[in-house]
Amino acid sequence: MFERFSNMKFKGDAIIWMVFFFLCIISVLEVYSASSSLTYKAGSYWKPVVYHTFLLIIGVGFMIVTMNIKCKYFKIVTPFALLISLLMLIAVLIVGQSTNGAQRWISLFGIQFQPSELAKGAVVLAEAQILSAMQTIDGADRRAYKYIWIVSLPIIILIAMENLSTAALLFLTVLIMMFIGRVSNVQLGRTLGILALGAVFVIGMIWMIGDEKDKAVNTDNKMVLSEETMQEKSELGLFAKAGNKVFHRASTWKTRILDFFNKENVEPGKVDIEGKGAQKAHASIAIATSNIVGKGPGNSVERDFLSQAFSDFIYAIIIEEMGIAGAAGVCLLYIILLFRTATIANRCANAFPALLIMGFALLLVTQAMFNMCVAVGLAPVTGQPLPLISKGGTSTIVNCVYIGVILSVSYTAKKKDDLTNAVTKTQAAA
């Protein structure tokens, strides 16, 4: 077994490797710098970053194994991944562990992970198979649209109950993949219309069920309800109670939306840096005090005040320490990843590997861009980490697997040039 592992080669596209390497280096440096709150609790400067580095090493191991699997074998795991994802998403709603009011984690054999991370990959696998199998000269068969939503919607809805932003980003990825997979523009236009109506319905439910009085936050940064709010909710009708069960995080969503659209000017001395807007305020301070060139690696001040400096708001710490140039460099790495993956996909002779790697690249890049928008105040605060940089468990390992799939396709999938050369040789021999 050891000999088999030692024979595995670091193959694949050199540019993807380079981007992954730089993201990992930035991750280790910034997680070490941004984990001051964790080091204080642990009583050790090294424990958080050592644990994160250990997870990265495990992720790299999974990535190397994945990149040595021929892309045709990825189809085999699709039905199993879909089934396991559905079961785990249902299980997390029943017995999942709650953190900061969100029930997104489940423990299995002592290991805590987020089923949504596995589910996202399963949806991309399934959609890539459906679109590739139903391609015609004029585009994707019209039935592909129906099959994609039959597979995707149950998973998206289950994810949305606890993590609306993740569900929205997955929904966006599904739409973009359908566009790349040449699904009818009429069908896509119909989807956008239904999406608009659905968004109105969801926002209406959030406004009806969500209560601003639920914004009270305790010392552990967890949402708590006032006695008055509890009394009001106990008097709700049957329909409203059912809606409250599904939209039980409506108060959190409503608060974040209101905070985002609240453009009221606040005097510097009256900025709320300890209340409900603390994260947003400290992220803004980190960016404003970067002085364009940054304070230098390890010199962040706001990391001591941002409760999620090592995760959701790590991009604000990157700006504070590395300045605009460093922040632009990180953003550029994700853009290079997307465009390089598109180049690899364009060279593939078959549709499945091309659609598969584009789906995984879109998952990574859309999440990264959304995280950056949150950090700089261009989007409402959510719980989206920065892929391959933020401190994380499941997400770190799963994202490494995504990179492994892209690397696998980059050297195992049939290329258009190879087929052209083969035809040329055949014609020459004849």
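Quick note: residue numbers are just sequence positions, from 1.
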Quick one: [atom1] on [X] to [atom2] on [Y], what's the gap to the nearest 0.5 Å?
X      : Y      : atom1 : atom2 : result
Ile317 : Ser390 : CD1   : OG    : 11.0 Å
Lys414 : Cys71  : NZ    : SG    : 9.5 Å
Ile148 : Glu127 : CD1   : CD    : 4.5 Å
Ile156 : Leu169 : CD1   : CG    : 11.0 Å
Leu378 : Met369 : CG    : CE    : 12.5 Å
Ser408 : Leu356 : OG    : CG    : 9.0 Å

Any side-chain heavy-atom pair of [X] and [Y] under 4.5 Å:
X      : Y      : answer
Met63  : Leu407 : yes
Leu363 : Leu170 : yes
Glu321 : Arg303 : yes
Ser395 : Gln114 : no
Val174 : Val123 : yes
Ile58  : Thr396 : no
Ile16  : Leu337 : yes
Phe310 : Ser35  : yes

For Ala413, does its backbone N or O pair with a side-chain atom of Lys415 as donor and acceptor, under 3.5 Å?
yes
Short side-chain to backbone donor-acceptor contact, Tyr411 and Met67, under 3.5 Å:
yes
In short, salt bridge (Lys or Arg N to Asp or Glu O under 4.0 Å) pairs touching residues 292-301 with sequence neighbours left out are Lys295-Glu320
Check the pair Val183, Thr191 against side-chain contact (heavy atoms from CB on, under 4.5 Å), reporting the backbone distance first and the verdict last.
CA-CA 11 Å; Val183 169; Thr191 302; over 6 Å; no
Single hit among Val124, Thr173, Thr341 for side-chain contact (heavy atoms from CB on, under 4.5 Å) with Met358:
Thr341
Give me the one residue out of Ile403, Ile25, Asn399 that meets side-chain contact (heavy atoms from CB on, under 4.5 Å) with Phe20.
Ile403
Of all residues at least two apart in sequence or in a different chain, which pass the side-chain hydrogen bond (donor to acceptor under 3.5 Å, both in side chains) check with [X]?
X      : value
Arg182 : Gln135
Thr343 : none
Ser132 : none
Asn299 : none

For residues 75-91, tabulate all N or O donor-acceptor pairs below 3.5 Å that involve a side-chain atom, not counting sequence neighbours.
residue: Thr78; atom: OG1; partner: Lys75; partner atom: O; Å: 3.3
residue: Thr78; atom: OG1; partner: Gln129; partner atom: OE1; Å: 2.5
residue: Ser85; atom: OG; partner: Ala81; partner atom: O; Å: 2.6

Return each pair, listed once, that meets side chain to side chain donor-acceptor pair (under 3.5 Å) where at least one residue sits in [range]; pairs must be two or more places apart or across chains.
range            : answer
residues 325-340 : Asp13-Arg340
residues 361-372 : Lys120-Gln367
residues 22-32   : Ser27-His52

With sequence neighbours excluded, residues passing ring-ring contact (aromatic ring centres under 6.0 Å, His included) with Phe313
none
Mind checking ring-ring contact (aromatic ring centres under 6.0 Å, His included) for Phe171 and listing every partner two or more places apart, or none if nothing turns up?
Trp149
Per the ring pair (Phe, Tyr, Trp, His ring centres under 6.0 Å) rule, what does the pair list look like for residues 336-384, sequence neighbours excluded?
Phe360-Tyr402
Under 3.5 Å, is there a donor-acceptor pair between the Gln384 and Ser165 side chains?
yes
Answer with yes or no whether the side chains of Asn291 and Thr289 bring together a donor and an acceptor at under 3.5 Å.
no
Going through the distances and angles, do Leu338 and Leu362 end up as a side-chain contact (heavy atoms from CB on, under 4.5 Å)?
CA-CA 7 Å; Leu338 180 62; Leu362 286 167; 4.1 Å; yes
Could you please spell out the steps behind the side-chain contact (heavy atoms from CB on, under 4.5 Å) verdict for Met18 and Phe22?
CA-CA 6 Å; Met18 180 191 70; Phe22 280 118; 3.4 Å; yes
Step by step, work out the side-chain contact (heavy atoms from CB on, under 4.5 Å) result for Met372 and Leu386.
CA-CA 8 Å; Met372 295 176 191; Leu386 190 58; 4.1 Å; yes
